[in-house]
J.: 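Take this structure first; my questions come after.
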Number of protein chains: 2
Amino acid sequence: MPRSPKTADQDVVKRRVSCSIAGALELVGERWSLLAIREMAYGVHRFDQITGYTGAPRNILTDRLKSLEGSGIVERRQYSERPPRFEYHLTAAGRELVPVLIALSQWGDRWGHDEPIESFPHSCGAPLQVDHTCHHCHQPVVPEDLKPQAMGIAAH
Amino acid sequence: MPRSPKTADQDVVKRRVSCSIAGALELVGERWSLLAIREMAYGVHRFDQITGYTGAPRNILTDRLKSLEGSGIVERRQYSERPPRFEYHLTAAGRELVPVLIALSQWGDRWGHDEPIESFPHSCGAPLQVDHTCHHCHQPVVPEDLKPQAMGIAAH
DNA sequence: CTTAATCCGTTGTGTTTTGGAACTGACTCG
DNA sequence: CGAGTCAGTTCCAAAACACAACGGATTAAG
């Protein structure tokens, strides 16, 4: 019986625009953006190096860096006057994307289709494996925590 | 002086292909993919509902779901025989993307350009704020942990 | 029985975004 | 001078995208 219990559907669009995930993806969800951010997090700050390491086409990277700068994620620092040259650095907002990168990398380690890669070592020496815990109750955050009644979703 | 200390640059491409972040982005980095995954994590499993909530064009969503199914992130379950109808569910791989979604949403809450949104409540009741800690040493993971000597990056 | 509506797509048609490669320009080094 | 570096820009073909319309299968309403 393909007939659902009829949910209010006027606000179909409301959820989309007022969602932090969609909002984040609007700023960093385009191709190459997160990879460029990864490079800067690694400590790579020069245009040519970023293109080289990410594989991003130069013109695309130009665009991405420009828009990331516009979003306050990247800061453009001039390091040479007379051939005007710039370095790209993460702002505080950019640095706070690192958990996203780490989460992606952990997932990629486990489920990516490429050969198994050695993961980063944490500063403690052990291979980094991140636990996600609630700041308040210190319990691990599980997938079901994303499935809340919040935002007026009828239970399906 | 725009002159770097000359680094070996033959393996410029090596890093890109052998990176778990890039690998993950190849599978879920396209537009609408993560939003569709978000919906399934929320418990929304039907085509029309997913298009409605995400705003993704139908044909694009068809593509995305197909490719996510091919990557083993989404499972297509038939729930009606004679008008053949399907539901889309996350696999284990898909469910493990939830930390990525949560990290993105936390970032979006703080830095997204839209109006401040109320965040999810955790199951403990408090507004969810996630701590990222090393599974071994239980220390918080900080941005600098991503900047390692690993992967043969010369210090810049 | 006829008409409308739901649900899940597919097709068709333009627009936008990409990717790749070549080109510019201002230097630097030997 | 000639080769090399660095950071872009420009050009163009190819791919991805958005929108709207169409379709078949079925159930609900009048």
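Letters go in sequence order (proteins before strands), and every chain restarts at 1. Atom set for the values below is all heavy atoms of this structure, side chains included, hydrogens, waters and symmetry mates excluded.
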J.: When the distance from CD of Glu26(A) to P of dT17(C) is rounded to whole Å, what number comes out?
T.: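 Checked: the CD to P distance equals 13 Å.
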J.: Measure the distance from CZ on Arg46(A) to P on dA7(D) and round it to the nearest whole Å.
T.: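 For the pair Arg46(A) CZ and dA7(D) P, the rounded distance is 6 Å.
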J.: So, is Trp32(A) close to the dG19(C) phosphate, meaning a side-chain N or O under 4.0 Å from OP1 or OP2?
T.: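 It does, given that an N or O in the side chain of Trp32(A) lies less than 4.0 Å from OP1 or OP2 of dG19(C).
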J.: Could you please name the partner base of dC8(C), counting Watson-Crick and G-U wobble pairs only when both distances are under 3.5 Å?
T.: none
J.: May I ask you to verify whether the side chain of Arg85(B) and the base of dC8(C) hold a donor-acceptor pair under 3.5 Å?
T.: no
J.: Which whole-number value in Å describes the distance from Glu81(B) CD to dT27(D) P?
T.: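 It is 13 Å, rounded to the nearest whole Å.
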J.: Could you tell me whether the side chain of Asn59(A) has a donor or acceptor atom within less than 3.5 Å of a complementary atom in the base of dG20(C)?
T.: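 Such a pair is found, so the answer is yes.
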J.: Does dG2(D) have a Watson-Crick or wobble partner in any strand here, with both distances under 3.5 angstrom, and which is it?
T.: dC29(C)
J.: May I have the distance from Ile60(A) (atom CD1) to dC12(D) (atom P), rounded to whole angstrom?
T.: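 One finds 17 Å between P of dC12(D) and CD1 of Ile60(A), rounded.
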J.: Might you point out which heavy atoms bring Val130(B) and His132(A) nearest each other, and give the distance in Å?
T.: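 That closest heavy-atom pairing would be CG1-CB, 3.8 Å.
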J.: I need the CG-P distance between Leu61(B) and dC19(D), as an integer number of Å.
T.: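 Those two atoms, CG and P, are 14 Å apart.
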J.: Once you round it to whole Å, what is the distance between C1' of dT24(C) and CG of Asp48(A)?
T.: 14 Å
J.: Can you work out whether Phe86(A) or Arg64(B) has the more 5'-proximal nearest nucleotide on DNA chain D?
T.: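 By nearest-heavy-atom nucleotide position, the 5'-most residue is Phe86(A).
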J.: Does the dA7(D) base have a donor-acceptor partner in the side chain of Arg58(A) within less than 3.5 Å?
T.: yes
J.: Can you work out whether Tyr88(B) or Glu30(A) has the more 5'-proximal nearest nucleotide on DNA chain C?
T.: Tyr88(B)
J.: Quick check for you: among dA18(D), dT9(D), dG9(C), whose closest atom lies nearest to any side-chain atom of Arg31(B)?
T.: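 In terms of side-chain proximity for Arg31(B), the closest of dA18(D), dT9(D), dG9(C) is dA18(D).
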J.: Just how far, in rounded Å, is C1' of dG9(C) from CG of Asp63(B)?
T.: 12 Å
J.: Holding to ring pair (Phe, Tyr, Trp, His ring centres under 6.0 Å), I want the full list of residues that pass it with His122(B), two or more places apart in sequence or in another chain.
T.: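 Ring pair (Phe, Tyr, Trp, His ring centres under 6.0 Å) check on His122(B) returns nothing, list empty.
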J.: Apply the side chain to side chain donor-acceptor pair (under 3.5 Å) test between Tyr79(A) and each candidate in Glu87(A), Arg85(A), Arg46(A), His45(A); give the one that qualifies.
T.: Arg46(A)
J.: What integer distance in Å separates Glu87(B):CD from dC7(C):C1'?
T.: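 It is 12 Å, rounded to the nearest whole Å.
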J.: Report all side-chain donor-acceptor pairs from residues 134-143 of chain A shorter than 3.5 Å, counting only partners two or more places apart or in another chain.
T.:
residue, atom, partner, partner atom, Å
His135(A), ND1, Asp131(B), OD1, 3.1
His135(A), ND1, Asp131(B), OD2, 2.9

J.: Among Met40(A), Glu69(A), Glu96(A), Glu75(A), which one satisfies side chain to side chain contact (heavy atoms under 4.5 Å, CB included) with Thr91(A)?
T.: Glu75(A)
J.: Would you indicate, yes or no, if dC8(C) has its OP1 or OP2 atom less than 4.0 angstrom from a side-chain nitrogen or oxygen of Arg76(B)?
T.: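 No.
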